[in-house]
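This report refers to the structure that appears directly beneath it.
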2 protein chains.
Amino acid sequence: MSAGRSDIVEAAFRLFAERGYDATSVDDIAAAAGVSRSTFFRSYGSKEAVIFPDHDALLQRVEDRLRSSHADSALAAVVDAVKIVLFHYVAEGERARERYRLTSSVTALRERELWGGLRYQRLFRAYLGRWGDGSEAAELNAELMAASVVAAHNRVLRRWLRGEIEDPQREIEHALAAVQRTFAPGGAGAVGAVVVVTSSAPLARIEAAVRQALAEDGS
Amino acid sequence: MSAGRSDIVEAAFRLFAERGYDATSVDDIAAAAGVSRSTFFRSYGSKEAVIFPDHDALLQRVEDRLRSSHADSALAAVVDAVKIVLFHYVAEGERARERYRLTSSVTALRERELWGGLRYQRLFRAYLGRWGDGSEAAELNAELMAASVVAAHNRVLRRWLRGEIEDPQREIEHALAAVQRTFAPGGAGAVGAVVVVTSSAPLARIEAAVRQALAEDGS
DNA sequence: TGCCTGCTGAGACTTAGTCTCACTTGAAGA
DNA sequence: TCTTCAAGTGAGACTAAGTCTCAGCAGGCA
């Protein structure tokens, strides 16, 4: 009776959908999957964890991406890495939506999910902090950027899970571009040069040209 | 033996500090407080909740402050409201630091705390969203601002809990001012007028004057 | 005195999670 | 072919959180 790990996850999601999370005991899941209670806990550690089976692997992938990043700014690297997470869930499809239904209705699962999300935030914050000069302003900025990237991700993911958007790729690009604009040097408290352009071109075109140049400049 | 609610909290913190969270059972706490197990659960609902006894009241105070706010911008109102939370914990003093030690070492408590923090973020996000024009850009911005305000608060609180700073008032003002600068109109994607000033004053003074004028302008 | 209300304690019960022990299986090695 | 070792599995005891029910008990009131 080689009931593998995946059978347990399948059985759990099926029973949760049929009877609800609270009304499903671990014994029920184990029995439905054809394994013992012992095996269930050995495999997933807790009833909550079976909902997030490949969380650790995903976090590891994000960490690897960050480590090997060649982006020209810390924020760009984080923005790039966070897409891995979004696309992972999008690729899960209906399974991700089942999980969303569960986490929306069961407090314990929502807490667990938040805890997972905060792990990304801490990872990003640590990475962003390493690029700073160690000043309090830089540390705080790293904190704000990490929180904002995660918030942008969460917004796009949540809207996709609810079926409010069709093209998550496009939405995440836009949302993360907004984050980068918000935290772009010159956007925050920095002051630099004032460039006076004398031109007959419309203001909007001048603005667009300057923005593009600054974006290409990177840092 | 009229053992009130506060006795339970006192007993719980004392035992947690002496033996650790996991090694202290609810029966231990109830016995130490001179009440029954039943009374413990009736009063606090769970072993975790006894660590955060006045959480709901605090959230209510923040909500009231937001509702009655006359700040001239949504972000300013939220920035003002979040200080209630910080100063509440600062006023708790050593008790807040005991809680920090517990939440730092016990995963279940950390999750509970995060869940509490996210409730503020959702509250702020809802408030900020009501000031927007309903566009996706405005909604996303509300999300980013709420996340950043909470992140700034958390940073200052954490540093105070660790004893890294002496003047939380000053630190929170600085941190929240940084948030407001980051999200100030003109800092993000907005474009307006370019004002050319001809003056012999130093650039820094001109910048300061303009910033102050913009800050007073509000929105 | 009798009644009602709210708080309390006792204790049974369910379930998550831990731990220990015994069994199987399958591969490596003499 | 027999031995042995490792890894995975199941059975079941045990602890503790949390729920629920019932019974008592104090105090206010007619």
Side-chain angles (χ1 to χ4, degrees), chain A residues 1-53 55-56 99 102-103 105-116, chain B residues 1-53 55-56 99 102-103 105-116:
Chain A
M1 308 255 141
S2 76
R5 276 175 59 101
S6 64
D7 295 299
I8 298 177
V9 175
E10 295 303 320
F13 271 94
R14 183 169 55 76
L15 291 177
F16 290 161
E18 285 172 10
R19 321 180 188 170
Y21 182 80
D22 287 332
T24 305
S25 72
V26 170
D27 294 84
D28 295 336
I29 301 170
V35 300
S36 72
R37 224 174 81 93
S38 300
T39 298
F40 177 91
F41 281 110
R42 260 191 287 259
S43 301
Y44 295 97
S46 77
K47 182 178 168 187
E48 293 171 12
V50 78
I51 308 290
F52 313 95
H55 198 112
D56 288 336
R99 184 185 301 113
L102 287 170
T103 54
S105 58
V106 182
T107 303
L109 295 178
R110 182 156 25 186
E111 289 186 29
R112 173 56 80 103
E113 191 184 37
L114 291 174
W115 163 241
Chain B
M1 311 282 139
S2 75
R5 277 175 60 101
S6 64
D7 294 300
I8 298 177
V9 175
E10 294 304 320
F13 271 93
R14 184 169 54 77
L15 291 177
F16 290 160
E18 284 173 11
R19 322 179 186 170
Y21 182 80
D22 287 331
T24 304
S25 73
V26 170
D27 294 85
D28 295 337
I29 301 169
V35 300
S36 72
R37 223 175 80 93
S38 299
T39 298
F40 176 91
F41 281 110
R42 261 191 287 260
S43 302
Y44 295 97
S46 77
K47 183 180 168 187
E48 293 172 11
V50 79
I51 307 290
F52 313 96
H55 198 113
D56 288 336
R99 184 184 301 113
L102 287 170
T103 55
S105 58
V106 181
T107 303
L109 295 178
R110 182 154 27 185
E111 291 186 27
R112 185 58 174 257
E113 191 184 37
L114 292 174
W115 163 242

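Bear in mind that the values here come from a model prediction, so they are computed numbers and not experimental data. Chain naming here is simple, since letters A, B, ... match the order of the sequence lines and numbering starts at 1 in each. Computed from heavy atoms alone, side chains included, the values below leave out hydrogens, waters and symmetry copies.
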Nearest non-hydrogen partners of B:Asp7 and B:Ala33, listed with the distance: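 That closest heavy-atom pairing would be O-CB, 3.9 Å.
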
Tell me the closest heavy-atom pair linking B:Phe13 and B:Val50, and the distance in Å.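 Distance-wise, the nearest heavy atoms are CE1-O, 4.0 Å.
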
Answer yes or no: side-chain N or O of [X] and base N or O of [N] forming a donor-acceptor pair under 3.5 Å.
X       : N      : answer
A:Arg42 : D:dG10 : yes
B:Ser36 : C:dA10 : no
B:Arg37 : C:dG11 : no

Given atom [atom1] of [X] and atom [atom2] of [N], what is their separation to the nearest angstrom?
X       : N      : atom1 : atom2 : result
B:Asp28 : D:dA17 : CG    : C1'   : 13 Å
B:Tyr44 : D:dG18 : OH    : P     : 15 Å
A:Asp22 : C:dT15 : CG    : P     : 11 Å
A:Phe40 : D:dA11 : CZ    : C1'   : 18 Å
B:Ile51 : D:dA17 : CD1   : P     : 13 Å
B:Phe41 : C:dC13 : CZ    : C1'   : 14 Å
A:Asp7  : D:dT9  : CG    : P     : 11 Å
B:Asp27 : D:dG18 : CG    : P     : 12 Å

Look at the aromatic rings of A:Phe52 and A:His55 and report parallel, tilted or perpendicular, splitting at 30° and 60°.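 Plane angle over 60°, so perpendicular.
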
Could you please name the option among D:dG12, C:dA10, D:dA17 that lies closest to any side-chain atom of B:Ser38?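 Nearest to the side-chain atoms of B:Ser38, counting from C-beta on, is C:dA10.
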
What contact category does B:Ser25 fall into here, base, sugar-phosphate, or nothing, at under 4.0 angstrom with non-hydrogen atoms?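 Sugar-phosphate, backbone atoms only, no base.
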
Whether B:Thr39 contacts C:dG9 is assessed here as follows: a side-chain N or O lying under 4.0 Å from the phosphate OP1 or OP2. Is that the case?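 B:Thr39 to C:dG9 OP1/OP2: side-chain N or O found under 4.0 Å.
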
Thinking salt bridges, do B:Arg14 and B:Glu18 make one under a 4.0 Å N-O criterion?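 Salt bridge between B:Arg14 and B:Glu18, a charged N being under 4.0 Å from a carboxylate O: yes.
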
Stacked cation flag A:Lys47 on A:Tyr21, 6.0 angstrom / 45 deg: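 A:Lys47 over A:Tyr21 ring: yes.
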
